[in-house]
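Okay, structure first, notes after.
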Amino acid sequence: MVSDTSTAPIYLLCRNGDYAATVSQQLAMFGLRAVAFPRASALLAAIHGEAPLAVLVDEAGCEDMMLTQVLPMIARLNSGPLVYLSLPMAAQEQIELARAGVTDFLPKPFDSHRLIDQIDRMLEAQSPQPARVLIVDDSETLTHWASNVLTMAGMRVRSVKNPLKVPQLVALEKPELILLDMYMPECTGDELAKVLRQNPAFDGIPIVFLSSETQRGRQLSARRMGGDDFLVKNNDPDELIDIVAMMVDRYRRLRELMTRDSLTRLLNHTHLIERLLQEVARAHETVRPLAFAMIDIDHFKSVNDRYGHAVGDRVIKSLARLLRQNFPGADLVGRYGGEEFSIIFPDASLLRAAQQVDDLRQRFSELCHISGNGEPLTISFSAGVAQLGNGMQTEQLIETADAALYQAKAAGRNQVGLAR
Ligand SMILES: Nc1nc2c(ncn2[C@@H]2O[C@H](COP(=O)(O)OP(=O)(O)OP(=O)(O)O)[C@@H](O)[C@H]2O)c(=O)[nH]1
């Protein structure tokens with residue numbers, strides 16, 4: 001049975017009721033619904049009824065079957081992760097469990113952060129963003145062929161004949177890979193690669209030469225100028241797709257490390273501001289509206305003081321996850337600082353942005369967080385939303401949203417302030 005992955009449950013096979021309750025409570029903090037089963041037969045029936053997001057199996061096992069029997073049965077029925085919760089174990093044992101169908105191992109004590117990260121990565125992998133590729137070639141035939149091959153493989157392709165237009169196009173389109181011809185009338189591919197590599201903003205974008213050049217020395221010199229790989233034109237579509245997909249994937253991983261905050265996987269401060277600068281420039285240029293929100297968790301210092309830093313971190317992460325769920329894909333949400341977050345709303349009016357932030361505030365305030373000793377707690381945030389005015393600069397927009405946030409705090413917290 002197919003299920004909506006955003007609301008699908010997480011099943012837990014565990015004979016220890018107290019432990020199951022702890023795991024379920026931690027997952028609830030991230031808005032995830034866990035259902036625990038002491039018996040494997042009930043778990044298998046449940047998988048038939050509603051496909052889960054993941055199945056967790058505790059090493060202590062269940063009441064009615066041996067784990068060696070039940071793991072392959074779960075693996076056959078369930079296409080998502082099958083996660084084994086255990087104390088550290090020997091490699092041999094791990095290999096046997098992997099053979100029985102276990103896809104991931106989570107060490108005890110149960111760390112919900114790691115599971116949440118695993119689940120989020122899996123969900124992202126289910127709806128991947130198409131790779132953005134720029135083809136630079138003066139040959140119509142080659143461009144047409146490569147463009148068709150990559151588009152059929154689900155990638156988004158732009159092509160350009162004139163290499164001199166490339167720097168401007170790269171800044172605008174932000175390709176995740178550039179396929180570059182070696183010999184063009186205006187300049188050679190390696191000359192262009194050298195120019196691109198001089199701009200730090202383009203740093204790391206993979207450049208792959210696609211050329212009929214077979215001379216090894218010439219290929220190496222092109223790579224020295226900044227190219228990452230060299231593909232000889234041979235009309236093999238599979239090779240082209242494989243290399244492009246592999247390099248885009250590696251680029252995305254590297255970029256994620258550079259641009260994202262490690263705790264929340266949201267844009268870090270530097271890249272959030274960079275993104276806001278771009279959106280402000282675009283809004284002024286196109287005379288479109290733009291709104292910006294600052295969010296700050298309420299009384300967060302006392303959360304840390306009373307329940308410890310680890311619980312504070314989980315609260316930050318649960319809000320980040322909610323933000324990612326509500327604003328997927330477009331890189332418009334960032335961690336502004338410690339317990340402060342920001343959202344960029346391109347093309348949105350003040351009221352529409354404020355409404356979305358208020359919906360988020362409501363959902364966050366309904367999450368049940370759990371302290372280290374199992375005590376439930378609810379936490380809220382306050383927010384300030386501002387609209388970009390005529391001629392307003394980025395810094396001023398941030399200050400205006402911040403002032404609205406300050407008003408929301410002063411007015412009692414757990415509310416959204418509007419800068420009018
Ligand atoms: N656990 C955890 N705490 C953090 C992190 N970053 C910042 N903090 C804490 O967040 C707290 C922020 O506290 P304050 O700025 O005083 O404000 P507040 O207690 O949230 O109160 P109001 O904003 O007035 O509602 C400080 O105690 C920081 O140490 C983090 O990554 N993890």
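Atoms considered below: every heavy atom in the structure, side chains included; atoms not considered: hydrogens, waters and symmetry mates.
For V248 against L177, the heavy-atom pair with the smallest separation is CG2-CB, 3.9 Å. Residue A293 comes nearest to V357 through the heavy atom pair CB-CG2, 3.8 Å, listed as atom of the first residue, atom of the second, then distance.
Residue N326 holds its CG atom at 8.0 Å from CG of D359, rounded to the nearest 0.5 Å. Residue I10 holds its CD1 atom at 9.5 Å from CG of L12, rounded to the nearest 0.5 Å. The CZ atom of R413 sits 13.5 Å away from the CD1 atom of I379 when rounded to the nearest 0.5 Å. Taking CG of N148 as the start and OG1 of T143 as the end, the distance is 11.0 Å to the nearest 0.5 Å. Interatomic distance, R197 CZ to D228 CG, rounded to the nearest 0.5 Å: 5.0 Å. Distance check, rounded to the nearest 0.5 Å: CE of M66 to CG of L71 gives 11.0 Å.
Residues M73 and M65 have side chains in contact (heavy-atom distance under 4.5 Å, counting atoms from C-beta outward). The shortest distance between side-chain heavy atoms of L87 and E59 falls below 4.5 Å. By the 4.5 Å heavy-atom criterion applied to side chains, D238 and V149 are not counted as neighbours. Within the 4.5 Å cutoff, the side chain of Q362 has heavy atoms near those of the E366 side chain. You'll find the side chain of R324 reaches within 4.5 Å of the side chain of R265, heavy atoms only. Looking at heavy atoms from C-beta onward, Q387 lies in side-chain contact with P289 at the 4.5 angstrom threshold. Using a 4.5 Å heavy-atom threshold, the side chains of V208 and V244 count as separate. In this structure, the side chains of L290 and L397 come closer than 4.5 Å at one or more pairs of heavy atoms.
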task = Check the pair S41, D64 against side-chain hydrogen bond (donor to acceptor under 3.5 Å, both in side chains), reporting the backbone distance first and the verdict last.
result = CA-CA 7 Å; S41 48; D64 55 345; 2.8 Å; yes
task = Start with the C-alpha gap between T264 and D261, add the side-chain angles, then the distance that decides, and say whether side-chain hydrogen bond (donor to acceptor under 3.5 Å, both in side chains) holds.
result = CA-CA 6 Å; T264 63; D261 161 63; 2.5 Å; yes
inquiry  = Under the criterion side-chain hydrogen bond (donor to acceptor under 3.5 Å, both in side chains), I'd like the reasoning laid out for D296 against S382: C-alpha separation, chi angles, the key distance, then a yes or no.
reply    = CA-CA 5 Å; D296 186 290; S382 303; over 6 Å; no
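Below 30°, between 30° and 60°, or above 60°: for F105 and Y84 the angle between ring planes is above 60°, a perpendicular geometry.
Checking R158, R156, R132 one by one against E173, the salt bridge (charged side-chain N to carboxylate O under 4.0 Å, His left out) holds for a single residue, R158.
Ring to ring, F341 and Y336 are not that close: their centroids are 6.0 angstrom or more apart. For F37 and Y11, the ring centers sit closer than 6.0 Å to each other.
Between the side chains of R361 and N414, at least one donor N or O lies within less than 3.5 Å of an accepting N or O.
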